[in-house]
2 protein chains.
Amino acid sequence: MTGWEDIRAEVLRRIRARDWPPGQVIPGEEALAQEFGVARATVNRALTALAEAGFLERRRKSGTRVAETPVRRATLDIPILRHEIEAQGRAYAFRLLDHRLMLPPLAVTTRLGLAPDQPMLWLETVHLADGHPHAHEARWLNPALLPDPCPDFSALSANEWLVRTLAFTAGDLAFLAEAAEGRVAEVFGVTAGAALLVMERTTWSGDQPITLLRLTHAPGHRVQMMV
Amino acid sequence: MTGWEDIRAEVLRRIRARDWPPGQVIPGEEALAQEFGVARATVNRALTALAEAGFLERRRKSGTRVAETPVRRATLDIPILRHEIEAQGRAYAFRLLDHRLMLPPLAVTTRLGLAPDQPMLWLETVHLADGHPHAHEARWLNPALLPDPCPDFSALSANEWLVRTLAFTAGDLAFLAEAAEGRVAEVFGVTAGAALLVMERTTWSGDQPITLLRLTHAPGHRVQMMV
DNA sequence: TGGGGCATTATGTCTAGACATATTAGCGAG
DNA sequence: CTCGCTAATATGTCTAGACATAATGCCCCA
């Protein structure tokens, strides 16, 4: 009847009800195990989960205390554009606008830690939902990782090729707002200067950078996260 | 020498090295336990962690398989503005621009599921770092949850009051880009139409909405997430 | 042939006990 | 008084075994 999820729920209730206010040290695992009539390992499972979620802070010897700043963690399920669009019952397609080897801007080489005089593969793609532009993708690829000959990215999306082929070990992700300009404005059919949401992502294979991706969303797009 | 974290690392290595490609069913816990020379519970701990991180999908009876779409989950540590600013060694302050009871726009009542003719408490705040505007906060508060008399939000930030006082059980969070206008443009000293990043957040206490918050960031701001 | 029920199977969870490890508080020496 | 060692302590992890639960797929019966 009392599983670790019940215990997690009960502890969370006490935190929210301010029975155990922020900063307070809560009873030890042994004591809670006795109170709930379970083994210590079961209490440990529950408290560990709450600590991972950011509700508790645990330290050996000093014990477990309620976090001062409750729920400060949110998770984002990064959508695969094709799935996201098809899940809405719309037809997915993409069009490769441009791809060539060229010298990246300094901001790109700096972020990736590459030599500034090294040309990289530049890919520009538009993702379509029912024929309407849904997102604009600009990608810089480290050419050192590409096979010879280069895959045909007009048939297979670069994203899917990467996912299938390369092992990646780390990455980061940022959101920012940017004014539409040039080709992006043209793609979405908005006037230059319109506010667009950009997701920027870099991925690494060990200490080698794989790619830098800038995904510009259509006007009005919201990226939803779960708390 | 072989703890559950080592096992997690080794399994992750095999996934990334394509020893176990996406979609593949990997050996059962019993087999892995034997291979690594540990108890099944230890393997379970490692695989459970990888499943939570999105690398594996586990189902009773059918077993554990490598996820088709690797790493599709990112976490955001929602910053408390004051801490974020002070961590950069800058002085934090905020100024309450406006607060009054007024009828919210339909979009707000719809999102919160409240009656459209019910006035709500409106708070408009600017957060400052070293005196410079860092973020603009617009907040609608459910007046049913406020004590009488209403707390003095010019002395205590609404956010901190809420965190200290109300239990919240759920919430969601979205990012979008928006053109600067009116007071927001004025606060940041940008021309109307400039692209700004907005974080929108609603919080609930059970089925009662607590607040809807729109945090507009200063021009050029990036919200960084960890993958 | 089709469908319902049952055996099988892999994961999910729990227990009791043990040892490991980080961290703190206190003690003692210089 | 301060530094460094030590003992105490709460969490972290592991084990071996057990039972629970969700799916699957097979067998049997209609």
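Hydrogens, waters and symmetry mates are skipped; everything else that's a heavy atom, side chains included, is used. To find a chain, count down the sequence lines: A is the first, B the second, and so on, and within it residues start at 1. All figures in this text were calculated on a predicted structure; none of them were measured in a lab.
- For A/Thr109, the side chain to side chain contact (heavy atoms under 4.5 Å, CB included) partners two or more places apart in sequence, or in a different chain, are A/Pro104, A/Leu106, A/Pro116.
- The closest donor-acceptor contact from the side chain of A/Asp130 to the backbone of A/His132 lies at 3.5 Å or more, if one exists at all.
- When distances are taken from the side chain of A/Trp4 to each of C/dG12, C/dC14, D/dT13, the shortest belongs to C/dC14.
- Under a cut-off of 6.0 angstrom, the local environment of CD in A/Glu30 is sparse, with at most 12 non-hydrogen atoms contributed by other residues, nucleotides or ligands.
- Taking side-chain N and O atoms only, B/Ser62 has no distance below 4.0 Å to OP1 or OP2 of C/dT11.
- A salt bridge does not link B/Arg90 to B/Glu86: none of the charged side-chain nitrogens sits closer than 4.0 Å to a carboxylate oxygen.
- A side chain to side chain donor-acceptor pair (under 3.5 Å) with B/Glu124 holds for exactly one of B/His99, B/His136, B/Arg139, B/Arg214; it is B/His136.
- With sequence neighbours excluded, the residues satisfying ring-ring contact (aromatic ring centres under 6.0 Å, His included) with A/His221 are A/His134, A/His217.
- Partners of A/Phe94 under the ring-ring contact (aromatic ring centres under 6.0 Å, His included) rule, at least two apart in sequence or in another chain, do not exist in this structure.
- The side chain of A/Arg58 lies closest to D/dT11 when the candidates are C/dT13, D/dT11, C/dT11.
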Protein-nucleic acid N or O pairs under 3.5 Å, nucleotides 5-7 of chain D:
none

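- Here the side chain of B/Thr42 is nearest to one of D/dT15, C/dT13, C/dT23, namely D/dT15.
- Atom CZ in B/Arg45 sits about 14 Å away from atom P in C/dC14, given to the nearest Å.
- Going from atom CG of A/Leu56 over to atom C1' of D/dT11 covers 13 Å, rounded to whole Å.
- Using a 4.0 Å cut-off, some side-chain N or O of B/Asn44 falls inside it from OP1 or OP2 of C/dG12.
- Side chain of B/Glu29, nearest nucleotide from C/dA22, D/dT13, C/dG12: C/dG12.
- Contacts between residues 31-40 of chain A and DNA chain D, counted as heavy-atom distances below 4.0 Å, involve A/Arg40.
- Nearer to the 5' terminus of DNA chain C, by closest-nucleotide assignment, is the contact made by B/Ile26 (compared with the other of B/Ile26 and B/Ala41).
- The ring-ring contact (aromatic ring centres under 6.0 Å, His included) search around A/Phe36 returns none, not counting sequence neighbours.
- Across the protein-nucleic acid pair, A/Glu5 atom CD and C/dT13 atom P stand 6 Å apart, rounded to whole Å.
- Following rounding to the nearest Å, B/Glu30 (CD) and D/dA18 (P) show an atom-to-atom distance of 13 Å.
- Picking from C/dT11, D/dG12, C/dT24 the nucleotide with the shortest atom distance to the side chain of A/Arg60 gives D/dG12.
- Using a 4.0 Å cut-off between a side-chain N of Lys or Arg and a carboxylate O of Asp or Glu, B/Glu57 and B/Arg65 do not qualify as a salt bridge.
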